[in-house]
There are 2 protein chains.
Amino acid sequence: MFTPFRNKFLPEGDKWDSYVNCFKRIEVPAKTILLKEGEISKKMFLIEKGCIRVWYNNNGKDITSQFFFENEMVSSIESFRKGIPSLTAIETIEPGIIWWIHKKDLNRIIEEIKEIPRLRDMFINTIFERAFDYMKYFFSAIKDTPQQRYLNLIKERPEVIKRVPQHYIASYLGISTVHLSRIKSKLAKAKQ
Amino acid sequence: MFTPFRNKFLPEGDKWDSYVNCFKRIEVPAKTILLKEGEISKKMFLIEKGCIRVWYNNNGKDITSQFFFENEMVSSIESFRKGIPSLTAIETIEPGIIWWIHKKDLNRIIEEIKEIPRLRDMFINTIFERAFDYMKYFFSAIKDTPQQRYLNLIKERPEVIKRVPQHYIASYLGISTVHLSRIKSKLAKAKQ
DNA sequence: CGGATTTGATAACAAATGTTATTGCCCGTG
DNA sequence: CACGGGCAATAACATTTGTTATCAAATCCG
């Protein structure tokens with residue numbers, strides 16, 4: 001059994017099995033749409049193998065907002081939580097193995113978690129950390145040049161550079177593919 | 001008594017007085033530093049009158065990350081929560097009246113709140129909303145042109161345009177003061 | 001294996017944005 | 001009232017970044 005969150009989130013002991021049985025396993029090819037733009041999100045995904053991007057359409061161009069890899073959970077979080085149409089789509093980049101849980105089941109688990117102080121605090125902490133992350137992404141988008149953000153990405157998420165096609169990375173950085181190519185070639189020259 | 005959060009956050013009845021007594025009132029001139037960059041935040045501020053900006057230094061230039069007005073709460077949230085040195089400074093723009101609460105007192109209040117399901121859920125919801133906000137700011141910084149972000153600001157926070165000196169707005173948008181001037185003059189011409 | 005599609009690099013030109021310098025206005029203070 | 005500092009507009013020039021087009025390499029698929 002695939003158990004990435006056993007020690008991280010879930011209580012040990014009896015509850016475990018009832019939680020784990022809520023997850024369904026699927027195998028998907030590359031470029032599978034797991035959630036369409038405009039659809040209301042009912043599933044949270046957990047990646048056993050593969051990689052996923054979250055993107056949205058901006059005047060015909062698609063912009064990638066995030067990448068996810070093994071052992072990470074993915075959902076269109078605002079749609080999932082509020083039951084509103086998703087601004088973003090969720091799509092696999094590589095073929096992979098995904099586990100998913102239905103919103104109803106996850107909500108039931110969360111309600112139980114909120115009654116256990118240690119888990120409740122972990123839950124709150126996770127939301128805070130996610131907020132801090134977005135805050136830092138926002139700051140970086142304002143203060144750093146595209147080149148600097150590319151260097152940050154190399155340093156903090158080398159996985160992305162290795163596994164993700166370059167045009168998705170460019171759209172994530174908010175620049176054209178041509179400009180990303182230029183940055184790479186400039187860095188390669190500087191390194192010599 | 002100044003009670004902006006009475007209905008929003010705090011329980012009615014007995015607890016109220018003990019909570020409200022934790023807040024201290026100060027009057028401050030413009031350009032008062034309420035928290036220095038690098039300092040560990042111990043206070044959360046609540047603005048009765050005036051306006052505040054949060055900013056950080058980036059290679060000698062200062063960049064404004066947020067503006068706050070009446071009835072809003074301000075802190076260097078990551079420093080405040082984790083007890084680490086603040087990346088940002090907090091500074092008044094106008095002379096004003098500020099209420100502040102010490103971290104110890106606020107933590108005590110939060111611990112009590114977390115035991116009351118309705119308030120606990122509001123607390124969790126507030127953190128989620130803050131995370132969604134930062135997420136949207138991040139998306140906007142990537143996908144929108146500076147001109148579009150300026151128009152968004154006019155629409156969503158007209159207060160900022162009216163009360164804040166333009167060079168702070170430019171630093172908030174991540175552009176030079178010259179470029180902001182150009183955007184304004186371009187928009188003025190287009191409007192004629 | 002071979003053709004189609006995806007991916008990435010580069011050149012040439014256009015548009016957006018930054019830098020520096022200058023000017024003028026407004027406003028607080030002596 | 002005069003003066004200085006903070007603030008905003010504008011011009012001239014430099015740099016960054018986008019757009020479009022072309023080509024080559026890698027990869028997928030029948």
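Side chains included, hydrogens not; waters and symmetry mates left out as well; all remaining heavy atoms used. Residue numbers begin at 1 in each chain, while the letters A, B, ... track the order of the sequences.
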Taking the six-membered ring for Trp, are A:Tyr172 and A:Phe67 parallel (under 30°), tilted (30 to 60°) or perpendicular (over 60°)?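 A:Tyr172 and A:Phe67: tilted rings.
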
Whole-Å gap separating [atom2] ([N]) and [atom1] ([X]):
X: A:Glu94; N: D:dT27; atom1: CD; atom2: P; value: 13 Å
X: B:Ile175; N: D:dT17; atom1: CD1; atom2: P; value: 15 Å
X: B:Gln148; N: C:dT17; atom1: CD; atom2: P; value: 12 Å
X: A:Asn59; N: D:dG18; atom1: CG; atom2: P; value: 15 Å

Under 4.0 Å between a Lys/Arg side-chain N and an Asp/Glu carboxylate O for [X] and [Y]?
X: B:Glu156; Y: B:Lys136; result: no
X: A:Arg108; Y: A:Asp105; result: yes
X: B:Arg163; Y: B:Glu94; result: yes
X: A:Glu111; Y: A:Lys114; result: yes

Angle between the end axes of the helix from C:dC1-D:dG30 to C:dG30-D:dC1, five pairs per end, to the nearest 10 degrees?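 Its terminal axes enclose an angle near 40°.
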
Cationic tip of B:Lys103 above B:Phe80 ring, under 6.0 Å, 45° of axis: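 Yes, B:Lys103 lies over the aromatic ring of B:Phe80.
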
Under the side-chain hydrogen bond (donor to acceptor under 3.5 Å, both in side chains) rule, what pairs show up with a residue in residues 24-40 of chain B, not counting sequence neighbours?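 Listed by first then second residue: B:Arg25-B:Glu27.
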
Please check: side-chain N/O of A:Glu70 versus main-chain N/O of A:Gly50, any donor-acceptor pairing under 3.5 Å?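 Flag set: sc A:Glu70 to bb A:Gly50 pair under 3.5 Å.
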
Reckon B:Lys186 has a side-chain N or O less than 4.0 Å from the OP1 or OP2 of C:dA15?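 The answer is no; no side-chain N or O of B:Lys186 sits under 4.0 Å from OP1 or OP2.
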
Sub-3.5 Å pairs of nitrogen or oxygen atoms, protein against nucleotides 6-11 of chain C:
from	atom 1	to	atom 2	distance (Å)
C:dT7	OP2	A:His167	NE2	3.3
C:dG8	OP1	A:Gln166	N	3.3
C:dG8	OP2	A:Gln166	N	2.6
C:dA9	OP2	A:Gln166	NE2	2.6
C:dA9	OP2	A:Ser181	OG	2.7

